[in-house]
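One structure below.
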Amino acid sequence: MHYDEKKPGGGVTRRGFMQIIGTGAVGASFAGVAMAARPEPAPPEKMIPAENTVKIRLHVNGAKQEVLAEPRWSLLYVLREVIGLTGTKEGCSRGECGACTVLIDNIPRYACMTLAVEAEGRKITTVEGLMDGEQLGPVQTAFLEEDAYQCGYCTPGQIMSVEGLLRKNPDPGTDEIRTAVSGNLCRCGAYKNIFRAGKKAASLKNK
Amino acid sequence: MAQDDNIYYTRGLEVPETPEPGAKPKFWEKTAVVGKPTPRVDGYERLSGTAVYPSDIKLPNMIYGALLRCPHPNARIKKLDAGRARKMPGVRAVMTGDSAEAKNLKWRYDDFTVPLLDPHCRFEGEAVAAVAADTPYQARDALAEIHVEYEVLPHLADHDRAMDENAPKVHKTGNLVGKDEYSRGDSEKGFARADTVVERTYHTQCELHTPMELHGCVANWEGDRLTIWESSQGVYAVQSTIAEVLDLPFSRVRVIGHYMGGGFGSKLQPGKYTVLAALLARQAARPVKMILTREETYLSVGNRPASTMHLKAGIKNDGTLTALDFRCTGPSGAYPAGGTSLVDWLIRDLYQCDNVSCRSNDVYINAGPARPFRAPGHPQGSWALEQMIDELAEKTGMDPVDLRLKNIPEVSQARGGMPYTTTGLARCIREGAEKFGWKDAVKKARQHNQSNSHVKRGAGMAACLWIVGGGGQPSTVVIKLFRDGSVNLNMGASDIGTGTKTIMALVAAEELGVKPEMIQIEHADTGTTQYATPSGGSKTVPTEAPTVRNAAVEVKRRVLEMASVDLGVPAEDLDYNGAEIVSRSDKDKRIRVTEVSRLKKRGVVVGVGYRGPNPSGKTVNPFGAQFCELEVNQKTGEIRILRFLAAHDSGRVMNRLTYDNQVFGGIVMGIGFGLTEFRQLDTRQTGKLCNRNWHDYKLPTALDVPADMESLPIEIDDPEANNTGAKGLGEPVTIPTAPAIANALYMATGIRFTRAPVTPLEVRRHLDLQKEG
Amino acid sequence: MLPHFSYVRPETLKDTIRHFNTKGAALHAGGTDLLGCLREKIMDVDKVVSLSALAELCEIKKTAGGGLSIGALATITQVAENPLVREKYPGLAQGAAEVASPQLRNQGTLGGNLCQKPRCWYYRGEFACLRKGGDICYAIDGENQFHAIFGHDRICAITHPSDTAPPLAALGAKVRAAGPDGARSIEVEKLHVLPKQNVHAETVLKPGEIITRIELPPPGENRYSAYRKVRARRSWDFALAGLALALETDGGRVKNARVFLSGAAPVPWRSRAVEQAINGKRLDAEAIAAAAEAVVEDADPLSQNAYKLNLFKGVVEEQLHAAARAA
């Protein structure tokens with residue numbers, strides 16, 4: 001990882017040695033999220049039998065994806081173990097910790113409490129979807145600069161909650177940030193820095 | 001300097017003078033990068049979602065394991081039938097106590113050896129059987145088809161009943177794990193000399209670690225060689241346990257733990273689940289991922305034991321402590337696990353007192369065994385001692401800050417008078433109080449409380465030390481300097497979220513004169529990295545940082561030797577600045593590191609660093625003091641913490657950014673211990689655990705902690721501790737938090753809250769008692 | 001990990017009812033309660049009937065009579081943030097804002113919040129309790145610090161977990177329900193059932209019956225409403241004690257007060273004693289003290305929850321003082 005001093009408030013890439021590469025082809029994918037096709041209507045009613053898998057279409061981080069899923073599979077399981085997007089973490093699978101927070105149509109929700117079949121046709125954004133190509137996005141950069149994490153396991157969820165807040169409210173106060181991450185436990189206790197990162201993320205985004 | 005040097009090397013960093021070959025590095029008088037607020041070197045990975053935690057591993061052909069656990073706190077398996085489970089869809093392996101792979105294997109709980117799958121389950125959540133299937137869903141389906149008939153036996157859930165004659169016996173030998181006694185001076189005489197003697201009983205509840213990443217692993221066999229990715233604080237500890245249980249040479253067990261999502265002491269060791277994952281993988285001839293459920297972790301991967309403590313203290317009117325008498329009972333759980341370990345340490349060592357006696361009873365109960373939990377024993381003892389000191393201050397009419405300052409010990413009394421290398425206890429208390437505005441806060445709170453508002457205010461403080469924190473041997477670190485000048489740092493230690501990797505990069509960068517982000521770190525892999533003890537106990541930085549420094553010094557020495565051939569100058573006359581080797585006596589004699597001919601030819605120069613011994617005859621300890629201000633709603637019992645300040649002496653601040661974060665995290669965990677967290681067993685009925693999830697077991701959320709938290713490092717040079725001057729930080733920062741809160745609650749309400757946690761229920765109950773008089 | 005179930009997402013209410021009206025079927029609105037119940041295996045479900053194709057049940061709209069009609073599938077966040085709700089029915093907005101965590105509020109629905117299963121740790125845990133078809137209520141003689149002090153009749157001591165039902169009941173809301181036998185209205189106050197009526201059910205809804213809308217009457221002049229929740233932690237927690245209050249003032253005197261408690265009983269608990277203590281009175285110190293004493297009349301605390309008596313008194317005092325200040 002390399003922290004690029006030349007670009008205040010941004011520009012963290014993994015390529016400390018080759019920072020010239022990798023920033024060119026960026027803009028497109030992030031814009032792609034915003035301009036993704038409107039969710040397709042739900043498919044016509046049909047019963048999916050219990051032990052069958054069914055093909056479902058997901059829009060994940062701007063890309064359409066088809067997966068085979070059982071009705072009981074959670075969106076979290078499909079993201080992590082089927083698609084392989086492991087940035088979204090499992091902490092409890094009970095809707096109690098927030099490590100699995102993703103945006104569904106721009107709104108933070110627990111992927112563990114969402115059936116994959118219920119996410120069909122919805123726009124899903126995970127922490128990987130906040131990347132600006134190879135660079136960390138503004139919320140991620142703010143978390144880096146404010147050291148808003150320790151072990152990093154709750155962090156993708158915290159980031160998604162802050163991202164969700166900023167998409168709705170671009171200039172939140174500390175209390176709004178606190179409330180926005182109040183469904184995300186951090187056992188390392190990095191809360192104070194998370195609040196600060198929320199503030200900084202807003203200013204990075206508004207630049 | 002050539003222009004391209006800046007790609008790899010420092011711009012304007014001052015590099016310490018290179019020691020002469022064989023010389024020990026001198027204490028850094030000042031530093032260029034160490035101590036500066038530096039974002040983590042692995043921040044990109046952790047924030048982008050690309051860091052691969054053990055629970056993220058997915059190998060080709062991998063299947064998923066799951067454990068069946070005993071639902072009773074004490075039961076014997078009469079019959080177990082896994083026949084139907086084996087025929088369930090997707091099932092690839094089933095392991096029971098009768099399986100050939102498992103039946104002769106043993107598991108050790110401390111020094112207590114039991115069968116791996118023991119037919120006598122002495123706690124709810126003990127492993128009974130295991131399966132592996134194509135999906136984790138199928139594995140759970142199969143567990144439901146294993147039929148077990150239990151003989152349910154009487155259980156013991158309350159540690160205060162353990163020594164009763166008619167209490168159910170957890171083991172044939174009875175319920176006493178062990179007794180611990182300590183005394184110095186003569187307590188009776190001490191109490192006789194006292195002007196005031198106060199006695200109180202204190203209780204703390206069992207606290208669960210609940211790190212965010214679930215305990216678990218991925219196990220894969222390649223022939224006879226086993227590789228395990230474990231969410232762990234120490235890969236070598238996992239390796240040795242698994243090798244011993246499976247009777248494999250250590251060399252055939254490779255354990256990898258690059259990232260891990262928190263442990264707090266609960267991941268210093270592997271679990272039975274690790275062994276069972278390996279056995280399932282062998283039976284199925286496929287890799288197995290075994291991640292526990294959140295509920296399982298509440299039952300089976302440790303806890304901070306509850307405590308019942310009785311403290312009697314004598315004090316003279318001038319504030320001299322004359323005697324302390326401490327008794328404590330705490331439960332190990334169903335097997336020996338240090339139920340009262342270190343609970344009395346602060347009573348023994350924190351304050352000057354000539355007459356001290358401590359007695360502890362560690363007892364068995366039918367519940368999951370304890371594991372070390374951040375500052376084992378200390379938060380419990382601190383809860384008692386620091387509230388007692390507050391009470392003594394009130395009785396003698398002294399300010400609690402002044403009373404503590406009156407009783408600062410100069411040596412470690414618990415170690416027979418051994419000096420500390422440095423002690424910042426007095427400074428932490430004094431400077432912390434000043435920065436916090438202690439006197440003012442007390443005055444304001446008292447003024448506020450004269451009003452008739454039902455919301456009362458209080459300010460409170462508490463101090464601490466941590467029993468260790470100097471780190472120590474063994475540790476080995478290898479640093480490779482490549483012929484292009486870039487650096488690889490190889491150490492076995494885990495970064496458990498404290499920023500270990502970043503600090504080590506800073507240390508190597510400091511010594512080698514390169515930028516921290518130019519240092520690639522290989523760590524936490526028994527197959528490829530050096531031996532290290534698990535990360536925990538606030539010993540990782542003081543253990544590994546000096547070792548890293550030694551390795552860097554050794555690399556420099558070797559580079560100088562190589563360059564001396566090119567330059568025709570003796571190595572003793574050369575210095576390395578991260579880019580060039582320069583003669584001290586003739587600045588014109590210099591060579592760029594990339595041009596050193598032997599380095600070019602060999603490709604790499606390797607420096608090995610070893611951790612030297614700690615100073616003999618002295619002890620290395622961190623100290624601290626915390627201050628808080630809060631409000632209590634006397635109608636509802638709700639508590640709102642307004643602010644916290646933590647002043648800690650942990651020697652040199654290695655990275656101010658991660659230092660402050662540790663301090664804040666310690667406070668948050670202390671708030672949980674003091675206000676919200678408790679394990680609730682169904683004590684009077686089934687003995688089962690009532691709250692096995694994050695809704696019923698309440699960690700503090702973002703709305704339960706103050707945004708106003710301040711960290712005040714009390715940085716004291718400690719060249720004797722080790723060559724970096726760092727002392728441990730992770731444990732002390734959580735020790736005094738809860739009693740500081742309790743003391744503030746006393747100021748607000750006039751009630752001594754002796755039972756932790758102080759939930760609104762607890763506040764209301766005491767207010768009711770107060771009303772009744 | 002959830003057990004197997006089949007899944008269907010009907011596009012009409014009629015089909016939804018048809019699917020739901022079979023044995024072993026469960027409704028999925030936001031899913032936040034259902035999936036937890038399935039994980040805990042507290043009920044046998046072999047078919048999940050999703051409501052998510054029924055877009056018309058998401059709307060919040062004014063009614064012709066000047067009230068408000070909230071679709072059962074409106075999320076808790078939508079209710080909490082809706083300008084009309086905030087302006088006219090602040091008690092409901094406050095209740096909705098106190099529900100669980102932000103993510104769950106974003107997902108959970110108002111209809112689901114009214115129909116959720118209790119959060120008793122025995123009921124949710126591995127205990128064969130009475131409500132789940134076992135023989136005893138473990139809470140009566142067990143760890144009951146979070147349990148009911150009213151209405152349990154020593155049969156089952158759950159507290160009703162909803163933070164929206166008490167303010168809805170206080171505000172005189174009704175639910176519209178549709179079922180195999182047609183549609184009907186039920187007062188929120190009468191939606192939930194006590195253990196002595198039926199220990200295996202939480203609501204009066206019949207098999208196959210679905211809440212479609214929640215209807216609030218016109219707010220009326222000078223109506224004050226509020227919801228206060230005391231909890232052990234400030235996010236993701238259920239009420240230790242909660243109070244939903246709706247009242248009108250006329251010449252400085254209270255009328256039509258409706259008071260419902262959460263964290264108190266197996267249903268949102270109407271405190272007629274408090275209502276009687278303040279109706280027709282000025283909210284002065286004397287009336288408030290009398291109301292606070294009245295709130296715990298007839299309480300039957302269990303071994304570990306007697307603290308709730310003075311807690312409820314404290315909440316009543318605090319909230320009536322706040323109401324007096326606002327009036």
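Hydrogens, waters and symmetry mates play no part in the numbers below; they use all other heavy atoms, side chains included. Order of the sequence lines sets the chain letters (A, B, ...), proteins ahead of strands, with each chain counted from 1. Nothing here was measured: the structure is a model prediction, and the numbers come from that model.
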*Is it true that atom CZ of B:Arg643 has more than 12 heavy atoms of other residues, nucleotides or ligands lying nearer than 6.0 Å?*
yes
*Which residues pass the ring-ring contact (aromatic ring centres under 6.0 Å, His included) test with C:Phe127, sequence neighbours left out?*
C:Tyr122, C:Tyr138
*asked:* Within the structure provided, determine whether C:Glu318 and B:Asn633 are in side-chain contact (heavy-atom separation under 4.5 Å).
replied: yes
*In terms of heavy-atom pairs under 4.5 Å with chain C, which of B:Glu295, B:Gln634, B:Arg692, B:Lys698 leads?*
B:Lys698
*Calculate, to the nearest 0.5 Å, the distance between atoms CG and CZ belonging to C:Asn305 and B:Arg764 respectively.*
13.5 Å
*asked:* Shorter than 4.5 Å, heavy atoms on both sides: which option in C:Ala306, C:Ser235, C:Ser101 has the most such pairs with chain B?
replied: C:Ser235
*Please tell me if the side chains of C:Glu126 and B:Glu124 come closer than 4.5 Å, counting only heavy atoms from C-beta onward.*
yes
*Minimum side-chain heavy-atom gap C:Glu317-B:His454 below 4.5 Å*: no
*May I ask you to check if B:Lys771 and C:Tyr307 form a cation-pi contact, with NZ or CZ under 6.0 angstrom from the six-membered ring centre and within 45° of the axis?*
no
_Can you tell me if C:Asp44 has over 12 outside heavy atoms packed within less than 6.0 Å of its CG?_
no
*Rounded to the nearest 0.5 Å, how far does CG of B:Asp768 lie from CG of C:Leu309?*
8.0 Å
*Residue part contacting chain B, namely of C:Arg231, when any heavy atom lies under 4.5 Å*: backbone
*Give, as side chain, backbone, both or neither, the part of B:Glu677 having an atom under 4.5 angstrom from any heavy atom of chain C.*
neither
*Report the C-alpha distance between C:Val315 and B:Lys635 in whole Å, list the side-chain angles of each, state the deciding distance to 0.1 Å, and finish with yes or no for side-chain contact (heavy atoms from CB on, under 4.5 Å).*
CA-CA 7 Å; C:Val315 174; B:Lys635 289 196 195 298; over 6 Å; no
*C:Arg119 atom CZ, neighbour heavy-atom count above 12 within 6.0 Å*: yes
*May I ask you to check whether B:Tyr137 and C:His4 place their ring centres under 6.0 Å from each other?*
no
*Point-to-point distance, once rounded to the nearest 0.5 Å, from SG of B:Cys690 to CD of C:Gln145*: 8.0 Å
*asked:* Quiz question: by atom type and distance under 3.5 Å, do the side chains of C:Glu143 and B:Gln685 form a donor-acceptor pair?
replied: no
*Heavy-atom distance under 4.5 Å to chain B: side chain of C:Leu240, backbone, both or neither?*
side chain
_Quick check: closest heavy atoms across C:Arg39 and B:Arg294, and the distance to 0.1 Å?_
NH2-N, 4.4 Å
*asked:* Please classify the contact of B:Thr636 with chain C as side chain, backbone, both or neither, using a heavy-atom distance under 4.5 Å.
replied: both
*Can you measure from CG (B:Asp141) to CG (C:Leu2) and round to the nearest 0.5 angstrom?*
10.0 Å
*Does atom NZ of B:Lys58 have more than 12 heavy-atom neighbours from other groups under 6.0 Å away?*
yes
_Atom pair OH (B:Tyr64) and CE (C:Met1), whose distance is rounded to the nearest 0.5 Å_ = 9.0 Å
*Within 6.0 angstrom of B:Arg84 CZ, more than 12 heavy atoms from elsewhere*: no
*If you count heavy-atom pairs under 4.5 Å with chain C, which of B:Asp682, B:Thr683, B:Leu699, B:Asn693 comes out on top?*
B:Asp682
*B:Ile639 portion near chain C, given a 4.5 angstrom heavy-atom threshold*: backbone
*What is the ring orientation for C:Trp121 with B:Phe678, classed by angle as parallel under 30°, tilted 30 to 60°, or perpendicular over 60°?*
perpendicular
*Hey, are the side chains of C:Val230 and B:Glu638 touching, using non-hydrogen atoms and a 4.5 Å cut-off?*
yes
*Can you check whether B:Arg140 reaches C:Pro3 side chain to side chain, under 4.5 Å on heavy atoms?*
no
*Is any side-chain heavy atom of C:Arg233 closer than 4.5 Å to a side-chain heavy atom of B:Leu675?*
no
